[in-house]
Amino acid sequence: MKKILVINNDIDTMSLLKNWLEKKSYTVKYTGNEEEVPAIMEDFSPHLVIADVMQHELVERLKKNKKTRSIPVLLMTGYTLRQTINRLPGDDIIEKPFNLALFEKKIERLIQKVVTINAAN
């Protein structure tokens, strides 16, 4: 089963995403506490991280860390893409409110990317 870590300060968003992703057969952990992320990354070993664009500094740290840089990050934003495109530390972005079909395609593509890389190694 593929594992996803959701990082967001909005409890409602996290809860909705967790329920939706679990219905899609993903194992999901979530946190709004950035300080918990390194331990969760170590213990949970997610295939994908979904994070709010406002947590771009945390995402930048994940992308600079040898152990976590290969894990894809899908950023969520309530801003328009033009407002956020210059500071994208993640691998892809999706705008709120979510188009669930597009969201699912992005998730599947990013997870497939990491599965393919891991299989090649």
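Both backbone and side-chain heavy atoms feed into the values below; hydrogens, waters and symmetry mates do not. Throughout, numbering of the chain's residues begins at 1 and tracks the sequence.
Atom CD of Q112 is separated from atom CG of L110 by 11.0 Å, given to the nearest 0.5 angstrom. For the atom pair CD1 of I50 and NZ of K18, the computed distance is 13.0 Å after rounding to the nearest 0.5 Å.
K106 places a side-chain N or O within 3.5 Å of a backbone atom of I93 that can act as its donor or acceptor partner. The closest donor-acceptor contact from the side chain of T68 to the backbone of L62 lies under 3.5 Å. Side-chain atoms of E104 do not come within 3.5 Å of backbone N or O of A101 as any donor-acceptor pair. In this structure a side-chain-to-backbone donor-acceptor pair under 3.5 Å is present from K63 to R69. In this structure, H47 contributes its side chain and K3 its backbone to a donor-acceptor pair below 3.5 Å. Between the N8 side chain and the A51 main chain, no donor and acceptor come within less than 3.5 Å of each other.
The pair E108-K24 fails the salt-bridge criterion, with no side-chain N (NZ, NE, NH1 or NH2) lying under 4.0 Å from an Asp/Glu carboxylate O. Salt bridge annotation for E60-K64: absent, with no cationic side-chain nitrogen under 4.0 angstrom from a carboxylate oxygen.
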Enumerate donor-acceptor pairs with a distance under 3.5 Å from any side-chain N or O in residues 36-45 to protein atoms, sequence neighbours excluded.
| unit_1 | atom_1 | unit_2 | atom_2 | d |
| --- | --- | --- | --- | --- |
| E36 | OE1 | T31 | OG1 | 2.5 |

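Contact annotation: the side chain of N9 never approaches that of N33 to less than 4.5 Å [non-hydrogen atoms, C-beta and beyond]. At a threshold of 4.5 Å between non-hydrogen side-chain atoms, the residues F103 and L74 count as touching. V49 is listed as a side-chain neighbour of I7, based on a closest heavy-atom distance under 4.5 Å. Under the 4.5 Å side-chain criterion, counting only non-hydrogen atoms from C-beta, I4 is not in contact with P46.
Note on I111 and L102: same hydrophobic cluster, where clusters join Ile, Leu, Val, Met, Phe, Trp and Tyr whose side-chain heavy atoms are under 4.5 Å apart, directly or indirectly. The cluster map of Ile, Leu, Val, Met, Phe, Trp and Tyr, joined by side-chain heavy atoms under 4.5 Å apart, puts L17 and L100 in the same cluster.
Paired with K96 under the rule side-chain hydrogen bond (donor to acceptor under 3.5 Å, both in side chains), one option of D52, D10, T13 passes, and it is D52.
Applying the ring-ring contact (aromatic ring centres under 6.0 Å, His included) rule to Y26 yields no partners; only residues at least two apart in sequence or on another chain are considered.
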